[in-house]
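The structure presented is a predicted model; accordingly, all values stated were derived computationally and were not measured. All heavy atoms count here, side chains included; hydrogens, waters and symmetry mates do not.
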Amino acid sequence: MNNTRELIAQNIVSVIRSMNDPRPVLVTRDPFNVEELAITQFPAVLITSGNEERDTVSMGAGRRQSTINYIIRGFVRGVELDTARNRLIESIEEALDSDRYRDLGVNTVLNSQVTNIDVVERQSPLAEISITFSVTYVFTRGAA
C-alpha cells in the first residue's frame, strides 16, 4: 500500500534535517518535552500530521484530492530570541519551497506551501514557532 500521507511527512522531515543556517539539531515526529532538552539539542523541530480535507475528483476511477496540514513546531534557545526565531522560520520556509511537489511528482502532489506562522509565547530563554504547511495531493481511494 502506498501511503502518500506518510511519504509526504517523511519528505518534510528529510528536507528540514538537511537545512543549513540554522541547522536543526533535533528533528523528529515523536513528541518531546522541550523543557528537558539539553542546550546542545537546539534548534529543535517537531513535525506532526494535522487536519485533512478530502474531496472526490472522479467517481469511476475513485480518484480523490486531499489537502493535509502538517504542523511544524520549531524551538530556539539563547539570546536574541526574536532574531533566532525569524531565522528558523525563513530557513524552514525556503527549504520546503525548494520542491513544492515533495519529491513525489506533480501527478501526486499538486502543491505545497506554508499557509500560517504563529509565534508561541514562551518564557525566556526559549522561543517557539508553529508553522502550518499545507500539501494538496491526489490519490486513488484505498491507496492513501
Side-chain angles (χ1 to χ4, degrees), residues 1-78 80-122 126-144:
M1 181 168 108
N2 174 14
N3 189 329
T4 306
R5 289 171 55 106
E6 183 62 19
L7 292 173
I8 294 167
Q10 290 172 1
N11 171 269
I12 293 168
V13 169
S14 175
V15 167
I16 291 176
R17 277 190 178 142
S18 65
M19 282 178 21
N20 286 314
D21 195 30
R23 180 181 202 102
V25 177
L26 175 65
V27 179
T28 184
R29 294 173 59 200
D30 297 321
F32 56 84
N33 183 343
V34 69
E35 307 283 338
E36 295 177 1
L37 294 180
I39 293 172
T40 56
Q41 291 179 289
F42 289 92
V45 177
L46 173 65
I47 300 155
T48 56
S49 302
N51 296 331
E52 184 170 5
E53 292 184 28
R54 293 184 167 193
D55 287 315
T56 299
V57 176
S58 165
M59 294 300 281
R63 297 221 359 119
R64 308 219 39 208
Q65 179 173 310
S66 179
T67 299
I68 183 169
N69 294 317
Y70 292 89
I71 309 304
I72 302 166
R73 293 176 61 197
F75 303 89
V76 294
R77 181 180 174 125
E80 298 182 10
L81 289 173
D82 192 46
T83 299
R85 189 171 42 210
N86 287 338
R87 287 182 58 217
L88 185 61
I89 290 167
E90 183 176 347
S91 291
I92 289 172
E93 188 168 18
E94 284 182 10
L96 292 172
D97 274 349
S98 68
D99 179 7
R100 295 177 76 93
Y101 305 110
R102 312 286 24 109
D103 203 29
L104 297 173
V106 70
N107 292 328
T108 301
V109 174
L110 304 177
N111 190 30
S112 62
Q113 64 183 344
V114 170
T115 57
N116 191 55
I117 300 169
D118 288 317
V119 172
V120 179
E121 291 302 319
R122 283 207 167 259
L126 290 175
E128 179 180 353
I129 50 136
S130 177
I131 297 172
T132 303
F133 186 65
S134 297
V135 180
T136 302
Y137 68 97
V138 293
F139 63 96
T140 302
R141 189 180 344 240

Novice: Measure the shortest side-chain to side-chain distance between L81 and R122 over non-hydrogen atoms and say whether it is less than 4.5 angstrom.
Specialist: no
Novice: If you look at every heavy atom in S134 and T67, which pair is closest and at what distance?
Specialist: CB-CG2, 4.3 Å
Novice: Does atom CD (E53) have a neighbourhood of more than 12 heavy atoms from anything else shown, all under 6.0 Å?
Specialist: no
Novice: With side chain to side chain contact (heavy atoms under 4.5 Å, CB included) as the test, would you mind laying out the steps for R85 and V119 before giving the verdict?
Specialist: CA-CA 9 Å; R85 189 171 42 210; V119 172; 3.4 Å; yes
Novice: Is the shortest side-chain heavy-atom distance between F42 and L126 below 4.5 Å?
Specialist: yes
Novice: In Å, rounded to the nearest 0.5 Å, how long is the span from CG of D21 to CG of L88?
Specialist: 11.0 Å
Novice: In Å, rounded to the nearest 0.5 Å, how long is the span from CZ of R77 to CG of L37?
Specialist: 9.0 Å
Novice: Report yes or no: does N86 contribute a side-chain atom to a donor-acceptor pair with the main-chain N or O of D82 at less than 3.5 Å?
Specialist: yes
Novice: Run the salt-bridge test on R29 and E6 with the 4.0 Å N-O cut-off and return the result as yes or no.
Specialist: yes
Novice: Determine, for R100 against D97, whether the closest basic-nitrogen to carboxylate-oxygen distance falls under 4.0 angstrom.
Specialist: yes
Novice: If you round to the nearest 0.5 Å, how far is CD1 of I72 from CD1 of I131?
Specialist: 5.5 Å
Novice: Side chains of L96 and S112, heavy atoms from C-beta outward: is any pair under 4.5 Å?
Specialist: no
Novice: Can you confirm whether I71 sits close enough to T132 that some side-chain heavy atom of one is under 4.5 Å from a side-chain heavy atom of the other?
Specialist: yes
Novice: Could you tell me if the side chain of L26 sits less than 4.5 Å from the side chain of F32, heavy atoms only?
Specialist: yes
Novice: As an exercise, state the distance from CG of L110 to CZ of R102, rounded to the nearest 0.5 Å.
Specialist: 13.0 Å
Novice: Should the heavy atoms of other residues, nucleotides or ligands under 6.0 Å from CG of N107 be counted, would the total exceed 12?
Specialist: no
Novice: How far does CZ of R64 sit from OG1 of T4, to the nearest 0.5 angstrom?
Specialist: 13.0 Å
Novice: Hey, are the side chains of S49 and Y70 touching, using non-hydrogen atoms and a 4.5 Å cut-off?
Specialist: yes
Novice: Give a yes or no answer on whether the side chain of D99 reaches the backbone of Y101 with a donor-acceptor pair at less than 3.5 Å.
Specialist: yes
Novice: Would you please test I16 and I12 for side chain to side chain contact (heavy atoms under 4.5 Å, CB included) and show each step?
Specialist: CA-CA 6 Å; I16 291 176; I12 293 168; 3.9 Å; yes
Novice: Would you give the length of the straight line joining atom CG of L104 to atom CZ of F139, rounded to the nearest 0.5 angstrom?
Specialist: 14.0 Å
Novice: Taking side chain as C-beta onward, heavy atoms only, is Y137 less than 4.5 Å from E52?
Specialist: yes
Novice: Hey, does T136 have a side-chain heavy atom less than 4.5 Å from the side chain of V109?
Specialist: no
